[in-house]
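What follows is one structure encoded as structure tokens, with my remarks underneath.
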Amino acid sequence: MSDRLHETLGTLARAPGVRAALVAGERDGLAAAAVAAVDVDTDALAAFAMALFRRARLANAAAGYGATHRIVLDAEAGRLFVASSGELSLVVLADRDAGAGMIRVAMQRAAGEIA
């Protein structure tokens with residue numbers, strides 16, 4: 001993992017309430033780089049996030065909504081953020097009370113680092 005990418009993911013992972021930040025390949029669903037809490041399975045997270053993103057992309061295309069750039073999954077215990085950046089996607093797993101707006105802004109800034 002490049003130092004710059006590691007620094008970018010580390011910055012995201014240190015945000016209050018963030019449990020993991022990773023970059024995953026959209027085609028293979030594998031984590032290319034990750035910074036996460038010890039109890040987070042980054043491989044499983046990457047696979048789940050990319051499968052969900054692919055399905056959202058297909059649904060949006062079928063509905064005629066155009067390209068999908070980001071998705072946010074709000075669940076009872078947390079949030080999953082996925083932002084596409086070419087062939088790679090940025091994934092953030094956060095607690096429910098984490099600042100969603102701040103995470104989205106940080107992800108927007110980080111997207112340029114992984115492109």
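Keep in mind it's a predicted model, so treat the numbers as computed, not measured. Hydrogens, waters and symmetry mates play no part in the numbers below; they use all other heavy atoms, side chains included. Just so you know, residue 1 is the first one in the sequence shown, and it goes up from there.
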- Task: Any chance you could pull the hydrophobic cluster mates of Leu58, using side-chain heavy atoms under 4.5 angstrom and chaining through other members?
- Result: none
- Pairs meeting criterion salt bridge (charged side-chain N to carboxylate O under 4.0 Å, His left out) with involvement of residues 46-66, two or more places apart: Glu26-Arg57
- Kindly state each residue pair satisfying salt bridge (charged side-chain N to carboxylate O under 4.0 Å, His left out) with at least one member in residues 98-111, sequence neighbours excluded. none
- Query: Going hydrophobic residue to hydrophobic residue with side-chain gaps under 4.5 angstrom, can you get from Ile71 over to Val18?
  - Reply: no
- Message: For residues Met107 and Leu88: do they belong to one hydrophobic cluster (side chain heavy atoms under 4.5 Å, members Ile, Leu, Val, Met, Phe, Trp, Tyr)?
- Response: yes
Would you say the side chain of [Y] lies within less than 4.5 Å of the side chain of [X], judging by non-hydrogen atoms?
X: Ile103; Y: Val72; value: no
X: Leu90; Y: Thr8; value: no
X: Leu52; Y: Val82; value: no

- Please round to the nearest 0.5 Å and tell me the distance separating atom CZ of Phe81 and atom CG of Leu73. 10.0 Å
- At what distance, to the nearest 0.5 angstrom, does NE2 of His6 lie from OG1 of Thr11? 10.5 Å
Show the atom names and distances, to 0.1 Å, of all donor-acceptor pairs under 3.5 Å that link a side chain in residues 91-102 to residues at least two apart or in another chain.
{"residue": "Arg96", "atom": "NH1", "partner": "Asp74", "partner atom": "OD1", "Å": "3.3"}

- Please name all residues satisfying side chain to side chain donor-acceptor pair (under 3.5 Å) with Arg4, sequence neighbours left out, ordered by chain then number. Glu113
- Results of side-chain contact (heavy atoms from CB on, under 4.5 Å) for Arg70 - residues two or more places apart only: Ala83, Gln108
Quiz: residues 28-49 side-chain donor-acceptor pairs under 3.5 angstrom, not counting sequence neighbours:
{"residue": "Asp28", "atom": "OD1", "partner": "Leu30", "partner atom": "N", "Å": "2.9"}
{"residue": "Asp39", "atom": "OD1", "partner": "Arg19", "partner atom": "NH2", "Å": "2.7"}
{"residue": "Asp39", "atom": "OD2", "partner": "Arg19", "partner atom": "NH2", "Å": "2.8"}
{"residue": "Asp41", "atom": "OD1", "partner": "Asp43", "partner atom": "N", "Å": "3.2"}
{"residue": "Asp41", "atom": "OD1", "partner": "Ala44", "partner atom": "N", "Å": "3.1"}

